[in-house]
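All values reported here derive from a predicted model rather than from experimental measurement. In the text below, chain A, chain B and the rest are named by the order of the sequence lines, each starting its count at 1.
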Amino acid sequence: MHTDFSTTLRTHRCGALRAEHAGQRVRLGGWVHRARNLGGLLFVDLRDLSGLVQVSFDPQRTPRELCDLAASLGNETVVLVEGTVVLRPDAMQNAELGTGQVEVHASGLRIVSPAAVPAIPVARAKGENLPAEDLRLRHRYLDLRRTELQANLVLRHRLMQVTRRHLSERGFLEIETPILTKPTPEGARDYLVPSRVHEGEFYALPQSPQLYKQLLMVAGLDRYFQIARCFRDEDLRADRQPEFTQIDIEASFIGVEDVIALTEGLVGALWREAGFTTPAQFPRMTYADAMERYGCDRPDLRYGLEIREVSDVFRDTEFGIARTVLAQGGRVRGIAIPGGAALSRKQVDEIEAAAKSAGAAGLVRLKNNGGQLEGPAAKFLGEGTAARLGLEDGALGLYVAAGDRVANPALDRVRQDVARRLGLVSESDHAFLWVTDFPLFDRDPETGALASVHHPFTSPRADDIPLLDTAPERVRANAYDVVFNGTELGGGSIRIADPALQSRMFGLLGIDEATAQARFGFLLEGLRAGAPPHGGIALGFDRIAMMLAGADSLRDVIAFPKTTAARALFEGAPSPVPPDDLRDLHITVTRPSA
RNA sequence: GGGGCCGUAGCUCAGUUUGGUUAGAGCACUCGACUGUCACUCGAGAGGUCGCGGGUUCGAGCCCCGUCGGCCCCGCCA
């Protein structure tokens with residue numbers, strides 16, 4: 001680690017000074033974080049990226065003009081200070097400060113740049129809330145002076161360098177792919193860029209470098225990676241930005257196990273860089289298992305609360321809801337919550353509201369109170385039912401009677417909600433998981449049309465290829481997601497290397513040959529030119545940085561993020577452009593008339 | 001596209017429930033005092049289009065309608 005930050009203007013960074021520097025003459029540059037004027041004696045906390053150091057001005061040893069100048073300093077003024085590092089007497093040391101054993105006795109002071117009174121405070125009082133986020137974004141240069149955000153960006157940098165080193169050492173080539181690309185008609189909306197040279201035609205910003213990285217494999221580059229900026233014109237969330245960064249990886253002559261092992265190594269290196277350890281191998285679970293046991297393809301395994309099917313318990317009972325659903329081919333599934341009987345009626349109502357918002361008609365509640373089963377459905381159920389439901393004394397069972405398409409998301413919500421309320425989620429736990437064997441297709445419940453679960457270049461599992469024509473929704477893909485604490489870190493697949501299979505896939509997806517040629521012709525041509533078996537993965541870099549920084553929002557690990565309305569408040573983008581510019585681009589803006 | 005929360009001094013927030021005197025506090029800012037503080041302390045001062053527009057009312061920060069902005073969620077994100 002580089003530690004010599006001396007330049008022609010300074011000898012040290014402020015936060016680097018320690019007892020060992022006592023007696024040295026130093027020159028420092030930084031921002032006035034805060035000043036304490038005791039009348040005569042005056043302290044200035046000088047701040048740079050490395051931290052704070054206390055500079056003292058004492059009339060008994062500091063020239064009068066210097067003291068006067070120091071007394072005039074406003075917060076956030078940029079100064080150059082010259083002085084001597086002095087060990088503080090024991091009683092005057094500050095254990096909360098890295099530099100707290102020393103201070104700098106100033107012998108020189110130069111104001112480089114006086115600062116306007118900051119629009120939002122940089123030095124905050126203890127317990128003072130952060131300024132509103134729109135102000136933080138509008139005055140981003142001030143917000144970024146906060147040590148928390150600086151630490152986040154430092155960590156982000158280190159994670160990037162670890163990624164580069166780890167992959168480079170394994171023979172991966174960092175190759176840039178175009179930012180001006182071809183619009184993709186499927187999936188997320190593209191950001192479009194008008195062509196000036198070609199009237200009426202548009203580039204698109206990439207949603208991912210997917211096709212390019214496959215073509216690099218066709219070209220024989222063997223192993224590729226990129227810390228790739230991607231763009232999607234969709235609505236935002238706390239964990240979703242319109243432009244974001246992925247660690248994009250593709251390799252040739254590779255199978256599922258190779259990608260998994262490679263990713264475990266990279267994720268391990270990233271987590272170690274942030275001071276955490278990871279298991280050498282992550283547990284695995286098939287998609288089907290994840291949906292059955294957790295109702296979700298990225299289950300949070302920090303806690304149990306597994307979903308169990310209890311249809312048998314309700315079969316042949318007079319309980320109306322269950323009867324109806326079972327007769328229609330649905331199931332009764334739910335979660336047994338040890339100690340859940342302690343949840344109040346109101347709390348369970350709120351959990352039910354969450355289940356309803358996810359689409360369930362309601363929750364069936366059963367409580368084991370001292371061996372006695374209680375709840376609206378209890379009277380329909382016989383002796384020993386509590387044991388069959390796995391409800392111990394004090395346990396609460398919450399069940400959804402419905403088809404899986406409804407029950408899965410509802411039970412996922414219930415499970416997460418209950419875990420949060422019962423404090424079962426430990427922030428310090430790190431639960432990794434591979435979810436494998438995703439289905440290749442998803443059938444639209446209304447139109448019956450097939451759509452890709454991952455993307456149309458994902459290969460089917462070899463043993464499922466015979467099902468392609470007979471039962472395509474049962475075909476499993478060579479696709480995998482890596483999950484951390486219930487969040488998807490990334491996903492990938494082994495791609496289709498056979499142009500005939502790729503054409504067949506387009507056919508199943510309802511993309512005719514002409515359309516396929518127009519949209520993906522350059523990929524099909526590439527595959528026909530001799531494609532190695534290849535596959536890869538893309539990891540959400542911002543999300544990883546956010547989790548490793550312990551941040552709540554992606555915006556706290558991105559230097560200049562967008563708001564949830566996809567605006568950049570600092571620079572004011574997007575913005576209207578002069579009519580002449582639009583004319584050059586052959587664009588007319590029409591607004592809906594009032 | 002839909003739902004929820006928020007918007008009062010440069011910043012963080014009270015005040016809105018029940019409309020009623022001159023809209024308050026802390027920090028920051030300005031001035032003054034103070035020689036070992038580290039969220040220094042003490043005194044004084046200045047600082048307001050209560051997001052914006054319209055309405056109801058004798059009277060609106062407070063009630064109603066609209067609108068703008070921010071955040072969170074659903075849809076969306078192959």
Side-chain angles (χ1 to χ4, degrees), chain A residues 33-46 52-62 67 71-72 74-76 86 88-97 99-100 103 105 116-139 142-143 184-190 207-208 210-211 230-242 244 354 356-359 409 413 438 440-442 444 449-458 477 479 488 491 493 505 509 511 519-520 540 552-553 555 562-567 569:
Chain A
H33 186 68
R34 221 192 305 262
R36 291 174 293 281
N37 188 342
L38 274 57
L41 187 60
L42 184 136
F43 300 101
V44 170
D45 289 339
L46 193 63
L52 293 179
V53 68
Q54 174 167 282
V55 180
S56 76
F57 298 81
D58 185 336
Q60 290 184 354
R61 56 167 187 271
T62 315
C67 289
S72 75
N75 286 346
E76 299 306 311
V86 175
R88 297 197 203 178
D90 284 350
M92 297 165 196
Q93 294 192 353
N94 183 346
E96 288 177 25
L97 216 54
T99 59
E103 65 179 7
H105 287 181
V117 174
I120 57 173
V122 177
R124 275 180 308 141
K126 276 177 192 160
E128 186 181 347
N129 291 339
L130 285 175
E133 191 159 13
D134 53 333
L135 294 169
R136 291 175 43 204
L137 292 172
R138 202 174 301 283
H139 307 284
L142 291 174
D143 199 34
T184 52
E186 293 176 329
R189 278 184 286 261
D190 288 320
Q207 296 181 27
S208 93
Q210 182 61 35
L211 298 183
C230 304
F231 306 84
R232 290 179 190 172
D233 188 4
E234 296 292 346
D235 286 350
L236 276 55
R237 292 284 189 282
D239 61 352
R240 212 193 287 167
Q241 282 274 308
F244 58 100
K356 282 180 173 171
S357 78
R413 286 286 290 275
F438 275 80
L440 191 59
F441 302 109
D442 188 25
D444 187 307
L450 292 176
S452 294
V453 168
H454 189 47
H455 57 53
F457 320 112
T458 302
E488 180 192 330
S493 63
M505 203 61 61
L509 291 166
I511 303 171
R519 293 176 185 175
F520 311 113
D552 295 322
S553 165
R555 295 183 293 272
K562 306 282 189 288
T563 68
T564 49
R567 282 193 178 280
L569 295 181

Hey, does the side-chain of A/R36 have a donor or acceptor N/O within less than 3.5 Å of a partner on the base of B/rU35?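 Absent.
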
For the pair [X] and [Y], find out whether any cationic side-chain nitrogen is under 4.0 Å from an anionic carboxylate oxygen.
{"X": "A/R189", "Y": "A/D233", "answer": "no"}
{"X": "A/R240", "Y": "A/D235", "answer": "no"}
{"X": "A/R555", "Y": "A/E133", "answer": "yes"}

Can any side-chain N or O of A/D190 pair as donor or acceptor with the backbone N or O of A/T184 at less than 3.5 Å?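 Flag set: sc A/D190 to bb A/T184 pair under 3.5 Å.
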
A/T99 side chain vs A/L52 backbone, donor-acceptor pair below 3.5 Å: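 Flag set: sc A/T99 to bb A/L52 pair under 3.5 Å.
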
Distance check needed: [N] [atom2] versus [X] [atom1], whole Å only.
{"X": "A/D45", "N": "B/rC38", "atom1": "CG", "atom2": "P", "result": "11 Å"}
{"X": "A/F43", "N": "B/rU35", "atom1": "CZ", "atom2": "C1'", "result": "8 Å"}
{"X": "A/F57", "N": "B/rG36", "atom1": "CZ", "atom2": "P", "result": "17 Å"}
{"X": "A/R61", "N": "B/rG36", "atom1": "CZ", "atom2": "P", "result": "12 Å"}
{"X": "A/R88", "N": "B/rU37", "atom1": "CZ", "atom2": "C1'", "result": "9 Å"}

Residues in ring pair (Phe, Tyr, Trp, His ring centres under 6.0 Å) contact with A/F438, at least two apart in sequence or another chain: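 By the ring pair (Phe, Tyr, Trp, His ring centres under 6.0 Å) rule, A/F438 matches A/Y287.
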
Summary of protein contacts for [range], nucleotide by nucleotide, where a base hit scores B, a sugar-phosphate-only hit scores S (4.0 Å, heavy atoms):
{"range": "nucleotides 29-34 of chain B", "value": "S----B"}
{"range": "nucleotides 43-48 of chain B", "value": "------"}
{"range": "nucleotides 69-78 of chain B", "value": "-SBSSBBBBB"}

Please state the [atom1] separation for the pair [N] and [M] - nearest whole angstrom.
{"N": "B/rG45", "M": "B/rG53", "atom1": "C1'", "answer": "35 Å"}
{"N": "B/rU56", "M": "B/rC65", "atom1": "P", "answer": "15 Å"}
{"N": "B/rG69", "M": "B/rC31", "atom1": "C1'", "answer": "37 Å"}

Counting only side-chain N and O atoms of A/R34, is one of them less than 4.0 Å from OP1 or OP2 of B/rC40?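 Yes, A/R34 has a side-chain N/O under 4.0 Å of OP1/OP2 on B/rC40.
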
Output one line per pair: protein atom, nucleotide atom from nucleotides 6-10 of chain B, and distance, for all N/O pairs under 3.5 Å.
residue: B/rG10; atom: O2'; partner: A/A119; partner atom: O; Å: 2.6

Side-chain touch A/C230/A/Q210, heavy atoms, less than 4.5 angstrom: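 A side-chain contact is absent here, since even the closest heavy-atom pair is not under 4.5 Å.
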
Quick one: list whatever passes side-chain contact (heavy atoms from CB on, under 4.5 Å) with A/T62, sequence neighbours left out.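 Partners of A/T62 under the side-chain contact (heavy atoms from CB on, under 4.5 Å) test: A/F57, A/D58, A/L66, A/C67.
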
